[in-house]
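The structure under discussion appears below in the form of structure tokens.
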Amino acid sequence: MSEIIWNFYSKSLGRETTLRIYPPDSIEESTPLDYLDDYEIVIALHGLGGSSRQISSYTNIEYLASKFKCWVILPEANRSFFLNSKENFKDYILNEIPQKINSYFNLKSISDKKWNIIGISMGGFGALNLANQSNIFSKSCGISSALDYALLRNGIDGENFILENEKSIIWPWDENHETFTRNINKNIEFCLLCGNQDPFLSSNKYFLDMLKENKGKYKYFFEDGDHSWIYWNKAIIRAFKFIRELDIEDIDID
């Protein structure tokens with residue numbers, strides 16, 4: 001079993017932060033699928049208020065890294081939605097992480113092999129938004145993506161999802177904001193996964209309409225499930241299947 005916990009000073013953030021990294025061989029008992037000849041690199045983004053440990057604590061992502069032969073990189077970003085606001089998390093994800101990973105682990109550079117990005121809830125927003133604003137990713141998968149700014153601002157069941165001092169963030173998907181754009185990066189293949197009982201389902205369907213309108217590349221799968229780890233443990237298998245160009249409707253990984 002291999003879990004790399006890397007604490008380092010980030011120039012983008014101006015402070016120390018942590019990455020958790022799972023190599024493809026992190027579990028010896030997990031034989032990669034026979035037809036996977038080369039590895040993929042996947043950044044996986046956590047949900048609101050989480051850390052680099054959140055996804056690894058609640059899912060079997062370490063096993064999936066081995067099974068699907070991926071280098072999985074887990075950063076942490078508090079409640080930032082992976083935007084440049086109080087701290088420059090967008091710059092950190094798009095610029096600093098790839099440079100550090102390529103330098104220290106001698107992985108294929110972005111110019112040789114584009115990376116992939118997935119995320120859950122707040123991380124789903126981050127995965128879709130960051131991929132749409134850059135050209136370093138090949139595929140982007142959002143799971144229960146928190147795309148509805150009004151819903152986040154007003155809260156769900158009494159819980160506010162955005163801190164007061166973060167409400168000034170320029171929200172890329174807010175139709176009422178002057179910088180709003182419906183343009184989709186056609187160099188990226190997107191995947192939308194969401195439960196039919198999820199409060200963000202309608203905003204995910206709206207993003208799907210944007211993909212269709214812009215003739216972007218996409219896959220999607222909406223099924224029974226709510227905004228919880230019960231659904232996300234199933235959906236994350238679909239996310240890895242999407243990265244590996246397998247059938248996302250089938251969660252069998254034997």
Side-chain angles (χ1 to χ4, degrees), residues 1-27 30 39-105 107 110 115-131 134 136-137 139-146 161-163 166 227-229 232-233 235-237 239-240 243:
M1 181 179 296
S2 301
E3 178 190 53
I4 301 168
I5 302 175
W6 188 11
N7 298 308
F8 61 91
Y9 179 84
S10 164
K11 293 182 180 179
S12 300
L13 303 179
R15 62 173 174 82
E16 187 174 280
T17 189
T18 300
L19 287 179
R20 275 184 164 75
I21 302 167
Y22 296 102
D25 59 349
S26 57
I27 298 179
S30 172
Y39 65 83
E40 292 283 345
I41 303 170
V42 180
I43 294 180
L45 306 181
H46 64 74
L48 189 77
S51 69
S52 62
R53 189 169 179 79
Q54 186 190 58
I55 294 178
S56 62
S57 296
Y58 289 99
T59 75
N60 59 349
I61 197 167
E62 186 175 1
Y63 173 79
L64 297 175
S66 288
K67 197 68 178 177
F68 289 97
K69 204 171 182 182
C70 295
W71 279 81
V72 178
I73 301 157
L74 305 176
E76 53 187 35
N78 304 318
R79 302 172 67 95
S80 70
F81 280 83
F82 303 93
L83 298 168
N84 283 348
S85 181
K86 292 188 301 181
E87 296 179 297
N88 295 321
F89 281 103
K90 174 184 173 182
D91 295 343
Y92 172 61
I93 300 294
L94 295 182
N95 302 321
E96 191 167 1
I97 287 179
Q99 291 173 359
K100 284 187 174 294
I101 292 294
N102 290 333
S103 174
Y104 281 83
F105 295 96
L107 301 185
I110 293 170
W115 289 27
N116 308 279
I117 187 167
I118 67 176
I120 297 173
S121 190
M122 180 187 82
F125 166 84
L128 300 176
N129 183 54
L130 293 174
S134 68
I136 72 170
F137 300 112
K139 293 184 174 66
S140 170
C141 183
I143 300 172
S144 298
S145 302
F161 284 78
I162 298 181
L163 295 174
E166 292 175 328
H227 206 75
S228 72
W229 290 103
W232 296 336
N233 264 287
I236 201 167
I237 298 173
F240 275 89
I243 298 298

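Not measured: the values here are computed from a predicted model.
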Do Ile136 and Ile117 make a side-chain contact, defined as non-hydrogen atoms from C-beta onward lying under 4.5 Å apart? no
Gap separating the OG atom of Ser52 from the CD1 atom of Ile73, nearest 0.5 angstrom: 12.5 Å
Closer than 3.5 angstrom, by distance alone: can the side chain of Asn129 be matched with the main-chain N or O of Phe125 as a donor-acceptor pair? no
Expected output: side-chain Asn84 to main-chain Asp91 donor-acceptor under 3.5 Å: yes
Would you please say whether a donor-acceptor pair under 3.5 Å links the side chains of Asn233 and Thr59? no
Would a 4.5 Å heavy-atom cut-off, applied to side chains only, mark Leu74 and His46 as touching? no
Which atom pair, heavy atoms only, marks the closest approach of Arg20 to Ser56? CD-OG, 4.1 Å
Exactly one of Tyr104, Phe105, Trp115, Tyr22 should register a ring-ring contact (aromatic ring centres under 6.0 Å, His included) with Trp71. Which one does? Phe105
Could you tell me which residues satisfy side-chain contact (heavy atoms from CB on, under 4.5 Å) with Ala235, sequence neighbours excluded, listed by chain and number? Ile143, Leu193, Tyr231
I want to check something: taking the side chain as every heavy atom from C-beta on, are Ile61 and Phe240 in contact at a cut-off of under 4.5 Å? yes
Give the intermediate values and the outcome of side-chain contact (heavy atoms from CB on, under 4.5 Å) for residues Leu83 and Lys90. CA-CA 5 Å; Leu83 298 168; Lys90 174 184 173 182; 5.6 Å; no
Do Leu45 and Ile93 make a side-chain contact, defined as non-hydrogen atoms from C-beta onward lying under 4.5 Å apart? yes
Does a side-chain heavy-atom distance below 4.5 Å link Ile236 with Tyr58? no
Applying side-chain contact (heavy atoms from CB on, under 4.5 Å), run through Val72 and Leu64 and close with a yes or a no. CA-CA 9 Å; Val72 178; Leu64 297 175; over 6 Å; no
Value rounded to 0.5 Å, distance of OG in Ser2 from CD in Glu62: 7.5 Å
Measuring from Leu19:CG to Ile4:CD1, what's the distance to the nearest 0.5 Å? 10.0 Å
Separation of Ile97 CD1 from Ile43 CD1 (nearest 0.5 Å): 5.0 Å
So do the side chains of Glu3 and Arg53 get within less than 4.5 Å of each other, counting heavy atoms only? yes
Restricting to non-hydrogen atoms, name the atom on Leu128 and the atom on Gly142 that form the minimum distance, rounded to 0.1 Å. CD2-N, 3.9 Å
Taking all atoms of both residues into account, what is the closest heavy-atom pair of Asn78 and Met122, and its distance? O-CE, 3.3 Å
Side chains of His227 and Ser121: closer than 4.5 Å at any heavy-atom pair? yes
With sequence neighbours left out, write down each residue that passes side-chain contact (heavy atoms from CB on, under 4.5 Å) with Thr17, or none if nothing qualifies. Phe8, Ser10, Leu13, Arg15, Glu76, Tyr92
Distance in Å, Glu40 CD paired with Asn116 CG, rounded so as to fall on 0.5 Å steps: 5.0 Å
If you take all heavy atoms of Pro23 and Ser66, which pair is closest and at what distance? O-OG, 4.3 Å
Please evaluate residues Leu130 and Phe82 with respect to the criterion side-chain contact (heavy atoms from CB on, under 4.5 Å), reporting the C-alpha separation (whole Å), side-chain torsions for both, the decisive distance (0.1 Å), and the verdict. CA-CA 8 Å; Leu130 293 174; Phe82 303 93; 4.0 Å; yes
Working to the nearest 0.5 angstrom, can you tell me the gap between Tyr39 OH and Lys69 NZ? 10.0 Å
Any heavy-atom pair between the side chains of Ile120 and Gln54 that's under 4.5 Å? no
What heavy-atom pair brings Ala127 and Ser140 nearest, and what distance separates the two atoms? O-OG, 2.7 Å
